[in-house]
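Following: one structure in structure tokens, then a few remarks.
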Amino acid sequence: MTFPQINHDNVSQYLDRAEIVKETAEQIMKDFGMFGVEITFSGDTSHAYDELHQQLIVQIARLLDQNYDLLLSVLYQVDITDREMARAELELPHYNHVEIIAHQVIVRDLKKVLLRRYFKTQNQQRDE
């Protein structure tokens, strides 16, 4: 397994494997759940991006309006940088600000899943 290089153009290629989609959804639910924000996933991997993106848009918009400090805490937990946000705004001009944040949450948690898988594979190969 090679080190995963994820960007806005290739996210969909990583979301075509059910186990990766499920792990990414679980990571999103975990990250938001730590702060009492519920995100659910039906398990339908063929529509996972849209399902998660729509829920994230609703929750992020609510937090932006009602509890900005909590939103910042969630985004800190997810580990989204200002640089990534600025780049996403340039690369995704058809998305509004909340849609970009939601997209970045999915991308960042997908990266977490792929990096865990990468290092797990590396450790297994080293142990063999």
Side-chain angles (χ1 to χ4, degrees):
M1 180 178 198
T2 60
F3 193 77
Q5 297 296 320
I6 305 162
N7 58 51
H8 304 294
D9 298 327
N10 71 0
V11 169
S12 61
Q13 84 180 39
Y14 292 103
L15 292 175
D16 66 352
R17 292 181 43 205
E19 67 275 7
I20 291 175
V21 172
K22 288 177 182 175
E23 287 177 40
T24 302
E26 289 169 5
Q27 185 66 51
I28 292 169
M29 292 185 294
K30 176 184 166 195
D31 287 342
F32 277 75
M34 291 175 66
F35 297 93
V37 179
E38 185 178 10
I39 302 292
T40 61
F41 179 55
S42 68
D44 179 3
T45 58
S46 63
H47 296 96
Y49 179 86
D50 292 331
E51 178 183 344
L52 293 167
H53 194 242
Q54 287 305 312
Q55 285 187 69
L56 289 167
I57 288 169
V58 169
Q59 294 292 7
I60 290 166
R62 183 182 62 77
L63 291 172
L64 200 58
D65 186 46
Q66 296 175 5
N67 195 340
Y68 186 70
D69 289 339
L70 182 60
L71 175 61
L72 292 179
S73 295
V74 172
L75 295 179
Y76 180 79
Q77 172 63 33
V78 174
D79 192 25
I80 296 175
T81 67
D82 290 337
R83 193 178 94 211
E84 290 170 328
M85 286 298 299
R87 187 173 353 141
E89 287 175 357
L90 293 174
E91 294 176 356
L92 301 167
H94 56 289
Y95 276 14
N96 67 36
H97 187 68
V98 173
E99 292 170 332
I100 289 171
I101 295 170
H103 175 79
Q104 286 302 105
V105 167
I106 294 169
V107 168
R108 181 64 184 114
D109 279 344
L110 172 62
K111 285 180 182 179
K112 288 179 187 178
V113 167
L114 293 174
L115 289 172
R116 262 195 311 266
R117 287 173 156 260
Y118 171 79
F119 287 112
K120 183 178 178 181
T121 301
Q122 295 302 307
N123 287 337
Q124 287 172 346
Q125 290 174 353
R126 189 187 69 231
D127 293 342
E128 291 175 355

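Of all the heavy atoms in Val98 and Leu64, the pair that sits closest is CG2-CD2, 3.8 Å. Closest non-hydrogen pair, Ile100 versus Leu92, comes out as CD1-O, 4.0 Å. Residues Asp44 and Glu51 share a closest heavy-atom pair of O-OE1, 4.4 Å. A pairwise comparison of heavy atoms in Ala48 and Val21 identifies CB-CG1, 3.2 Å as the closest pair. Of all non-hydrogen atoms in Ile39 and Leu52, the two that sit nearest each other are CG2-CD2, 4.0 Å.
Residues Glu91 and His103 are not in side-chain contact: their nearest non-hydrogen atoms beyond the backbone lie 4.5 Å or more apart. Annotation: side chain of Leu63 is not in contact with side chain of Phe35 (no heavy-atom distance under 4.5 Å). Using a 4.5 Å heavy-atom threshold, the side chains of Val105 and Val107 count as separate. Looking at Ile20 and Arg117, their side chains come closer than 4.5 Å, going by heavy atoms from C-beta outward.
Residue Gln66 places its CD atom among more than 12 non-hydrogen atoms of other residues, nucleotides or ligands, all under 6.0 Å distant.
When atom types are taken as modelled, the side chain of Arg108 and the backbone of Asp79 share a donor-acceptor pair closer than 3.5 angstrom. The backbone N or O of His97 lies less than 3.5 Å from no partner atom in the side chain of Glu89, so there is not a single donor-acceptor pair. A donor-acceptor pair is defined here as one N or O able to donate and one able to accept, closer than 3.5 Å; such a pair exists between the side chain of His53 and the backbone of Glu99. With Gln77 contributing its side chain and Met34 its backbone, the two residues share no donor-acceptor pair below 3.5 Å.
Here the straight-line distance linking atom CG of Leu56 with atom OH of Tyr49 works out to 9.0 Å at 0.5 Å rounding. Atoms CD and CE, from Gln55 and Met29 in turn, are 9.0 Å apart once rounded to the nearest 0.5 Å. How far CG of Asp109 is from OG1 of Thr24: 7.5 Å, rounded to the nearest 0.5 Å. From Ile28, atom CD1 reaches atom CD of Gln59 across 12.5 Å, with rounding to the nearest 0.5 Å.
Ion pairing between Arg116 and Glu23 fails under the 4.0 Å rule for side-chain N and carboxylate O. Salt-bridge annotation for Lys112 and Asp31: present, with a side-chain N of the basic residue lying under 4.0 Å from a carboxylate O of the acidic one.
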Inset, instruction - Decide side chain to side chain contact (heavy atoms under 4.5 Å, CB included) for Met85 and Leu75; before the verdict, give the C-alpha distance in whole Å, the side-chain angles of both, and the deciding distance to 0.1 Å. - result: CA-CA 11 Å; Met85 286 298 299; Leu75 295 179; over 6 Å; no

Inset, instruction - Decide side chain to side chain contact (heavy atoms under 4.5 Å, CB included) for Lys22 and Phe41; before the verdict, give the C-alpha distance in whole Å, the side-chain angles of both, and the deciding distance to 0.1 Å. - result: CA-CA 8 Å; Lys22 288 177 182 175; Phe41 179 55; 4.2 Å; yes

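Hydrophobic cluster membership differs between Tyr68 and Val58, with clusters built from Ile, Leu, Val, Met, Phe, Trp and Tyr side chains linked at under 4.5 angstrom. No chain of hydrophobic side-chain contacts below 4.5 Å, direct or via other Ile, Leu, Val, Met, Phe, Trp or Tyr residues, connects Tyr76 to Ile106.
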